[in-house]
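Chain naming here is simple, since letters A, B, ... match the order of the sequence lines and numbering starts at 1 in each.
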Amino acid sequence: MSQQENYSKKAQELASLVLKQETRFNLNTSDKFDIWLTHPIFGLIAFALVMWSVFSLSQIWIGPWLSDLLVGQLEILAELITSIVESYEVSPLWSGLLTEGIIGGFIAVIGFLPLIMVLLFFLQLLEDSGYMARVALVFNHYFSHLGLSGASIIPMYIGTACSIPAIMSTKTIKDERQRHMTIMLTPFVPCGAKLPVIALLLSVFFFEQAYMTLLVYALAVLVIYLSGLGLKYVFNPSSKSHQMLVIELPEYKTPSLVLAFNSMIERAKEFIKNAATIIVLMNGIIWLSANFNFQFQMVESAQESMLYFISSPIAFLLIPLGFGFWGFAAAALSGFVAKEEVVGALAVIFVFSISSDFDVIGIDRAREALAGIGGLTSLSALSFLAFNLFTPPCFAAIGAMKSQLKSNKWLLFAVGYQLLVGYVVAMIIYQVGTLLFTKQLAQGWWASILVLLIGIVNIFYARRKVAAHG
Amino acid sequence: MGDWIVGGIVLTVYAAIIYILIRRHQKQKSVCARCLSIQETPSWIKDYKNEGLK
């Protein structure tokens, strides 16, 4: 044994001794907690319990109560404006555009602001306490199964707020295939803009059931995992370039209420800015196209409107998903501008708002509109929610994907893959759910099988293409 | 008269929104400023990203 080998062996023995000593004697309280909270299974259970508590507080206890207060005041103002407009005998174009397009759509979206604010407040508390860094470690364990490195966790975590900075942050991933996979999977994380859609559909069809919100997030994790397996098959990422997640876990500390409050207010401001600009503009466009024909004459029935003609062909494709009504197709389309707009569009098309009686009357009125006119059931509402969550993100996020993928071909593949995943997830929920609950095949079941086959063939084709181009 | 007042208000609201959106678009170019401004990146992510970009 050479002198160098001898030194190397001694160094290894010394390092191993130091590590053993560290483990035996230097476990502080934080380390003891971490053994459980970063465990692949117990960590996941702990995370589910924590999130269930957060969702219960934000969606059932504090959020709706604050929503009552806010929307109650806004509706008084809206009624005042409506009565003034009516007293002037204004033409239906201007009065409808103002009361239903601008005010109605704005209130429908802003009504969910308190729920989102409370949720963000508690998430900020968790972040500040040092817990969320542990959650990243828990998920790192599962990501390695997908051939993804720990570096992919960070964009996904950022994606809970917004997909755009999340996609931009994939720059740090060195391996190109892993980077491409992360860019394609990150938009499946429910971002802040998708929260009003989740809150509306769950509060209307699954009233006061906090576990449903938790289930939706669990579904998102499952979709990321399974679609990640699909992408792993296509890309076959190199295990040699595995990038380990090395992060310094911050010490646990009492979270700052002031910091959480300030962060919540900042995000609320941005949400209001967005609702007052892009959402109001889109609501106006939707109201005009739902009430006028191509000759710009006001129509008596929505079936004669521009929006009906534009969204009907798409609605036909949505029949196997359980929501083949043109209004849902139009709302899903408007979601590509901004995901919050799905709520605004539904409110404008079906003419409802979550009123000051958030607990009972508002919910009933919304359910009456969505179920009575659109034929939405609890199952198809869940399918519609999944479709909006897992189809491609808003145009701004697609722009970010383009800038990071640096190729129109890859962008087309990514958008196509996300469309396929969103469609298939919604289809499975509706078709399998119908079969389980009614023991009958749902409408369009044959189309579902066709879509699945097309999807599988495309994945095989994409793998061959990727393998051919190295 | 009512049409002129309400129509004027509606058109002013939309003109203001379009102006704000164009201004925001010019500032942010292709990236959504809303998202970047609200994103308070936690310190442990910042450290990680800085390390990764070296």
Problem - Test side chain to side chain contact (heavy atoms under 4.5 Å, CB included) applied to B/Ile5 and A/Trp94, step by step - result: CA-CA 10 Å; B/Ile5 296 170; A/Trp94 298 120; over 6 Å; no
Contact class of A/Ala397 relative to chain B, heavy atoms under 4.5 angstrom: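 For A/Ala397, neither part sits under 4.5 Å from chain B.
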### Query
With only heavy atoms counted, which part of A/Lys273 is less than 4.5 Å from chain B, the side chain, the backbone, both or neither?
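Both backbone and side chain.
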Heavy-atom side-chain contact between A/Tyr88 and B/Val6 under 4.5 Å:
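No - every pair of side-chain heavy atoms lies 4.5 Å or more apart.
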CG of B/Leu21 to CG of A/Asn274, rounded to nearest 0.5 Å, is 8.5 Å
One should read off an interatomic distance between A/Thr277 OG1 and B/Tyr19 OH, to the nearest 0.5 angstrom, of 14.5 Å
Worksheet entry | ring pair (Phe, Tyr, Trp, His ring centres under 6.0 Å) against A/Phe122, all qualifying residues, sequence neighbours excluded |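 Partners of A/Phe122 under the ring pair (Phe, Tyr, Trp, His ring centres under 6.0 Å) test: none.
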Problem set entry | A/Phe33 atom CZ: more than 12 heavy-atom contacts under 6.0 Å |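 Open: at most 12 neighbouring heavy atoms sit under 6.0 Å from CZ of A/Phe33.
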Determine whether a donor-acceptor pair (N or O, by modelled atom type, separation under 3.5 Å) exists between the side chain of B/Asp3 and the backbone of A/Val90.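 No; judged by distance alone, with no hydrogens or angles, the pair does not exist.
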(message) Going by salt bridge (charged side-chain N to carboxylate O under 4.0 Å, His left out), name the residues that satisfy it together with A/Lys253, two or more places apart in sequence or in a different chain.
(response)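 Listed in chain order: A/Asp128.
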- Query: Minimum heavy-atom separation for B/Val10 to A/Ile102, with atom names?
  - Reply: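 Looking at all heavy atoms of both residues, the closest pair is CG1-CD1, 4.3 Å.
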